[in-house]
Amino acid sequence: MKTLRRILLPLVGTLMLSASLVMSQTEITVIATTSILADVAQNVSGGLLNVESLLPFDADTHAYEPSVDDAARVAEADLLLVVGMDYEHFLGGLLETVGEDVPVAMISNGIEILPYGEHDHEGEEAEHEHEQAEPLGVLGDGLTCEDDHEHEAEATAEAEHEGEHDHGTCDPHVWMNPLNMMMWASNIAEAFAALDPAHADTYRDNALDYAAQIEALNLELSQMVAEIPEEQRVLITNHEFMAYFAAHYGFEIAATVLPGGTTGAEINPQELADVIALVQAEGVPAIFAEVSANPELAQLIASESGAAVVSTLYSESLSASAPTYLDFMRLNTRTIVDALR
Ligand SMILES: [Zn+2]
C-alpha cells in the first residue's frame with residue numbers, strides 16, 4: 001500500500017500540473033460579437049485563448065435576435081468583445097438576462113467616428129450636395145455613442161419622421177477602413193493582456209504583426225481602387241455601411257437605398273422616386289446590395305433607372321467566400337472595382 005501510494009502520488013501531481021497547463025492554454029474563452037471581430041481577435045490571440053464569434057457567418061447584426069444558447073455562451077465567457085456604438089443593439093437585453101458579471105471590452109475606442117450621412121432623400125435641391133461629413137470625434141475621448149435614454153423621446157419623434165434611426169448619429173461600421181483595424185488589434189491586445197497577463201507581450205507582438213498585414217492590405221486595396229477613374233468612384237448601397245471605406249479611398253456616397261444605417265429601415269415612395277431620379281441623373285452604373293440584406297428595393301431602383309445591381313457586397317459578417325477580414329476587404333473591393341471601372 002505504502003509503495004503504491006509512493007508511485008501514485010507523483011503521478012497525481014503530474015496530472016494536476018498538466019491539467020492546469022491545459023487550463024491556462026485553452027480554458028479562457030473570449031466571445032466576439034461578430035465574425036469580423038472574432039477574426040481580428042483570433043489573430044491577436046495567436047491560439048492562446050479560445051476566441052469564438054457569437055454571430056455566425058453571413059449574419060445581419062442589425063436584424064439579429066439572440067437565442068437562449070447565445071445567452072448561455074455569453075454568460076460563460078471570460079470576456080465579451082463588442083464593436084460598440086450600439087451596433088450590437090441586441091446586447092442590451094442579452095446582458096440583462098445573463099447578469100452584469102461578464103466583462104465587456106469596447107474595442108472601437110480611439111477611432112475617429114463618422115456620422116451617418118444625410119443623403120438625398122430630400123429631393124432635387126439636395127441632389128448635388130455630397131460634401132463629406134465631418135468626423136464626430138474620437139470614440140472614448142470625449143465622444144460616446146451609446147444610446148442616451150434622456151434623449152429617447154426626441155429620438156423617437158425624429159425616427160417617426162425619417163424611418164428607423166435608433167443608432168444616434170455615430171456610424172459603427174468602422175471596419176470598412178482597414179487602418180481602423182490597427183486600433184482594434186491594439187485594443188484587443190490590451191484587453192487580452194489584462195485577462196491573461198502572463199502572455200501580455202505575445203498579444204502585443206501579435207497585434208503589431210497583424211497591423212503589418214493590415215498595412216499591406218491597405219496598399220493592395222489602394223492599387224485596386226486606382227483602376228477606377230476618380231469621377232466614377234460613386235457608391236450607392238442598400239444600407240449605409242461604406243462611409244469609412246468611401247472617406248479613406250476617395251469615393252462619394254451618392255445615396256443609400258435605406259436611410260439611417262440599419263437594414264431594418266423603411267423608405268417611402270417619394271424617397272424611392274428621389275433615389276431613382278438621382279441614379280439616372282448621376283449615370284451611376286451599379287447599385288450595391290449587401291449579401292445579408294434584402295436586395296428587392298435595390299433591384300427595383302436598378303430596373304427603374306437602368307443601372308445594374310450587384311448584390312455580392314459583404315457588410316457585417318464573414319462568409320464561406322471571405323472567411324477572414326483580409327479576404328472580406330479584398331473581395332468587396334474587387335467587386336466594387338469590377339462594377340465601376
Ligand atoms: Zn450595417
Side-chain angles (χ1 to χ4, degrees), residues 28-42 44-45 49-111 113 116 136 139-140 143-152 155-156 159 164-176 180-181 183-184 187-188 190-192 194-195 239-241 244 260-265 290 292-293 315-318 325:
I28 300 178
T29 294
V30 177
I31 303 260
T33 49
T34 75
S35 46
I36 295 173
L37 181 44
D39 178 54
V40 179
Q42 273 153 1
V44 176
S45 151
L49 306 169
N50 175 34
V51 179
E52 297 172 10
S53 173
L54 185 64
L55 271 64
F57 275 15
D58 300 310
D60 175 4
T61 315
H62 301 292
Y64 196 70
E65 304 215 1
S67 64
V68 175
D69 183 47
D70 289 338
R73 288 175 65 202
V74 170
E76 283 162 23
D78 297 291
L79 178 68
L80 179 64
L81 300 176
V82 306
V83 174
M85 292 169 273
D86 205 31
Y87 174 62
E88 293 95 341
H89 198 60
F90 60 88
L91 265 187
L94 190 68
L95 287 176
E96 253 169 54
T97 317
V98 301
E100 281 171 8
D101 22 321
V102 183
V104 179
M106 282 254 302
I107 50 83
S108 299
N109 280 342
I111 292 176
I113 300 303
Y116 277 127
L136 295 169
L139 190 66
L143 177 69
T144 52
C145 294
E146 297 302 316
D147 259 358
D148 187 338
H149 292 282
E150 282 173 38
H151 293 291
E152 203 136 276
T156 309
E164 200 173 290
H165 200 174
D166 52 12
H167 282 208
T169 53
C170 295
D171 182 344
H173 301 86
V174 293
W175 57 92
M176 295 311 300
N180 288 339
M181 297 301 92
M183 189 57 82
W184 270 22
N187 288 340
I188 291 168
E190 292 314 312
F192 286 178
L195 188 68
H239 87 296
E240 184 170 357
F241 75 102
Y244 291 89
T262 88
T263 52
E290 302 83 82
S292 56
S315 59
E316 328 294 326
S317 285
L318 303 180
Y325 170 73

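Only this structure's heavy atoms are used, side chains among them; waters, hydrogens and symmetry mates stay out.
In this structure, OG on Ser45 lies 9.5 Å from CD1 on Ile28, to the nearest 0.5 angstrom. To the nearest 0.5 Å, atoms OH (Tyr116) and OG1 (Thr169) are separated by 10.0 Å. Interatomic distance, Thr61 OG1 to His173 NE2, rounded to the nearest 0.5 Å: 7.5 Å. Between atom CD1 of residue Ile36 and atom CE of residue Met181 there is a gap of 8.5 Å, rounded to the nearest 0.5 Å. Here the CD-CZ distance, from Glu290 to Phe241, works out to 4.5 Å after rounding to the nearest 0.5 Å. To the nearest 0.5 Å, atoms OH (Tyr87) and SG (Cys170) are separated by 15.0 Å.
Residues passing the side chain to side chain contact (heavy atoms under 4.5 Å, CB included) test with Asn180, sequence neighbours excluded: Ile111, Val174, Asn177, Tyr244. With sequence neighbours left out, Tyr64 forms a ring-ring contact (aromatic ring centres under 6.0 Å, His included) with Phe90. Scored by the side chain to side chain donor-acceptor pair (under 3.5 Å) test, Thr263 finds Asp60 as partners (sequence neighbours excluded). Remark: Ser315 pairs with no residue by the side chain to side chain donor-acceptor pair (under 3.5 Å) rule, at least two apart or across chains. In this structure Glu76 satisfies the side chain to side chain donor-acceptor pair (under 3.5 Å) test with no other residue, sequence neighbours excluded. Partners of Val104 according to the side chain to side chain contact (heavy atoms under 4.5 Å, CB included) rule, which considers only residues two or more places apart in sequence or in another chain, are Leu80, Val82, Leu95. Residues satisfying the side chain to side chain donor-acceptor pair (under 3.5 Å) criterion with Asp39, sequence neighbours excluded, are absent altogether. Remark: Ala75 pairs with Val98 by the side chain to side chain contact (heavy atoms under 4.5 Å, CB included) rule, at least two apart or across chains. Shown here are the side chain to side chain contact (heavy atoms under 4.5 Å, CB included) partners of Ala41, two or more places apart in sequence or in another chain: Val51, Leu81, Ile188, Phe192.
The shortest distance between side-chain heavy atoms of Thr34 and Glu316 does not fall below 4.5 Å. With a 4.5 Å cut-off on side-chain heavy atoms, Met106 and Leu139 count as touching. Within the 4.5 Å cutoff, the side chain of Leu94 has heavy atoms near those of the Val74 side chain. Annotation: side chain of Asp86 is not in contact with side chain of Cys145 (no heavy-atom distance under 4.5 Å). With contacts defined as side-chain heavy-atom distances shorter than 4.5 Å, the pair Val30/Leu195 qualifies.
Between His62 and His89, the ring centre distance reaches or exceeds 6.0 Å. Here Tyr325 and Trp184 keep their ring centres 6.0 angstrom or further from each other.
Not one N or O on the side chain of Thr144 forms a donor-acceptor pair closer than 3.5 Å with the backbone of Gly140.
Side-chain contact annotation: Asn50 with Thr29, donor-acceptor N/O pair under 3.5 Å present.
Shown here for Pro172 and Gly84, the closest heavy-atom pair between the two residues is CB-O, 4.1 Å. Minimum heavy-atom separation, Ala105 to Ala191: CB-CB, 4.1 Å. Here the closest non-hydrogen pair linking Ser53 and Ala38 is CB-CB, 3.6 Å.
Pairs engaging residues 61-73 under the salt bridge (charged side-chain N to carboxylate O under 4.0 Å, His left out) rule: Glu52-Arg73 [sequence neighbours left out].
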Apply side chain to side chain contact (heavy atoms under 4.5 Å, CB included) to Ile113 and Asp171, showing your working.
-> CA-CA 7 Å; Ile113 300 303; Asp171 182 344; 5.6 Å; no
